[in-house]
There are 2 protein chains.
Amino acid sequence: MADHADEEAPLPLPATSWAVLGLLSFGAELSGYDLKKWADASLRYFYWSPSFSQIYAELRRLEAAGCATSRLVTPEAGARPKRLYRITDAGLAAVRTWARQAPVDPPMLKHPPLLRLWLGHLAEADDLRGTLDAHRADAERLRARAAADLALAADEPDWAYPLLALRWSERYYAAQAELAAGLRADLDAMLAARGERRATRADQG
Amino acid sequence: MADHADEEAPLPLPATSWAVLGLLSFGAELSGYDLKKWADASLRYFYWSPSFSQIYAELRRLEAAGCATSRLVTPEAGARPKRLYRITDAGLAAVRTWARQAPVDPPMLKHPPLLRLWLGHLAEADDLRGTLDAHRADAERLRARAAADLALAADEPDWAYPLLALRWSERYYAAQAELAAGLRADLDAMLAARGERRATRADQG
DNA sequence: ACTAACATGTAAAGCGTTACATGATTTA
DNA sequence: TAAATCATGTAACGCTTTACATGTTAGT
């Protein structure tokens, strides 16, 4: 039976569960708080970082499914105890099966700045310009953060794959900034052309 | 009071409501089915396209809020009636206020192919290569679809802003394909270096 | 006549967030 | 010692999807 583990269907867990179990699959014993911090520093560039409460719920679910175990640790007498989670052998086998066999969903993008521009006929031109400029600045900030996190993680042989993901992330946010700049230019060109057309009509009429 | 409409706080509706009301703000009288089709052809490139049931629920909500009205239309005697929705003056004012004043949330990305790569230590190299290649092909398909939709919408003066969004979308998916190619190259280089290091160690040991 | 695709919804289940509650630790 | 921040959770709410139910139209 153990020989056929890779051929069994993956456990029916939501993607967020696999992300959390994936964090644990690197081997460390972590608290919910630790996991949230780590997710913010790595996953969030290409996968949204779940909230604390979501992480705590996922950990309870993973433990109930036998994919993780937990123990209460009290640092000092009288201090508040914390619960540390560690992946189990069954959990490691499950996440391996998932990583090799589960279908890969398509990327999902929710881009509020673009939604605003798409409804540009409802706003003022300066509002739109401001929205795009702010979005571009955000993208550049994220690119810089990814570059910084990349420098921190470099040369750690265990993190070769997270490092690839970080390199991709830095390029992704650089591309986002460039796309924002291009869109800003297109918007200005469109508005200029529209203004000229209106002026021409006014001259004729 | 009417003069101050732009200074009032936007109605507390979720982003999806505004997206649907935004579709209606172009002026057409549409059914839930029409709206879904239109969302699939325009919004989905930069904003996920809500499901049918979600759209129907949003329409009911918008009507309850006074932002839209509906009427039942029976094409022929005995045929199944359909409900058509149209934006109201109050709805137009509300979506204008939202478009000008509501804060713009940051883009949200959920990228399962990258999540798989990030957990590359759990899978086989060929699985990862296949995942990346499939992702690249998907991105190129979406780029081509955006280009096609762009050609359909061009030269419609009312769709100037949707056109800008479509141009951005085409570039976005082109960039996605390039990023996938770059990541594939990085992966191959990493695996080659690892293989050489392992071979070197084997020679020495 | 049968099938597939089109079309319009409803109901239930689950995902995920915000708000809340609590206590420890640091800083002013 | 007061405030701010860190840290660990719980509970309630609302968004979103999947599955289901139902009827119509068009092709074969």
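Every chain is numbered from 1 and lettered A, B, ... according to where its sequence line falls, protein lines coming before strand lines.
In terms of phosphate contacts, B:Lys36 brings no side-chain nitrogen or oxygen within less than 4.0 Å of OP1 or OP2 of C:dC6. Contact check, B:Ser51 against D:dT16: no side-chain N or O comes under 4.0 Å of OP1 or OP2. Side-chain N/O atoms of B:Trp48 include none lying less than 4.0 angstrom from OP1 or OP2 on D:dT16. Using a 4.0 Å cut-off, some side-chain N or O of A:Lys82 falls inside it from OP1 or OP2 of D:dT8.
Here the nucleotide nearest the side chain of B:Tyr56, chosen from C:dT10, D:dT16, C:dG16, is C:dT10. Comparing atom distances between the B:Pro14 side chain and each of D:dT8, D:dC15, C:dT8 picks out D:dC15 as nearest. Closest to the B:Tyr33 side chain, of the nucleotides D:dT16, C:dA7, C:dG16, is C:dA7. Nearest nucleotide to the side chain of B:Gln54, out of D:dA7, C:dT10, D:dC15: D:dC15.
Of the N and O atoms on the side chains of B:Arg83 and B:Ser31, not one donor lies less than 3.5 Å from an acceptor on the other residue.
Distance CG (A:Leu59) to C1' (D:dT10): 15 Å, rounded to an integer number of Å. When rounded to the nearest whole Å, the span between CZ of B:Phe52 and C1' of D:dT16 equals 15 Å. Spacing between atom CZ of A:Arg83 and atom C1' of D:dG9 amounts to 11 Å, rounded to whole angstrom units. With rounding to whole Å, B:Lys110 atom NZ is found 10 Å from C:dC15 atom P. For A:Ile55 and D:dG9, the CD1 to P distance is 12 Å, given to the nearest whole Å. A straight line from CE of A:Met108 to C1' of D:dT17 spans 11 Å, rounded to a whole angstrom. Look at CG on B:Asp40: it is 13 Å from P on C:dA7, rounded to the nearest Å. Atom CZ in A:Arg60 sits roughly 14 Å away from atom P in C:dC15 (whole-Å rounding).
For B:Arg171 and A:Glu178, the salt-bridge test fails: no basic side-chain N is under 4.0 Å from an acidic carboxylate O. At a threshold of 4.0 Å, the pair B:Glu58-B:Arg61 counts as salt-bridged, since one of the basic side-chain nitrogens sits closer than that to a carboxylate oxygen.
Of the listed residues (A:Arg136, A:Arg141, A:His135), just one forms a side-chain hydrogen bond (donor to acceptor under 3.5 Å, both in side chains) with A:Asp138, and that residue is A:Arg141. Checked against B:His111 for a ring pair (Phe, Tyr, Trp, His ring centres under 6.0 Å), the options A:Phe46, A:Tyr172, A:Trp168 give a single hit: A:Trp168.
Residue-level contact check: B:Ser31 touches the backbone only, with heavy atoms under 4.0 Å from sugar-phosphate atoms and none from bases. Nucleic acid contact for B:Ser53: base, since at least one base atom lies under 4.0 Å from a heavy atom of the residue.
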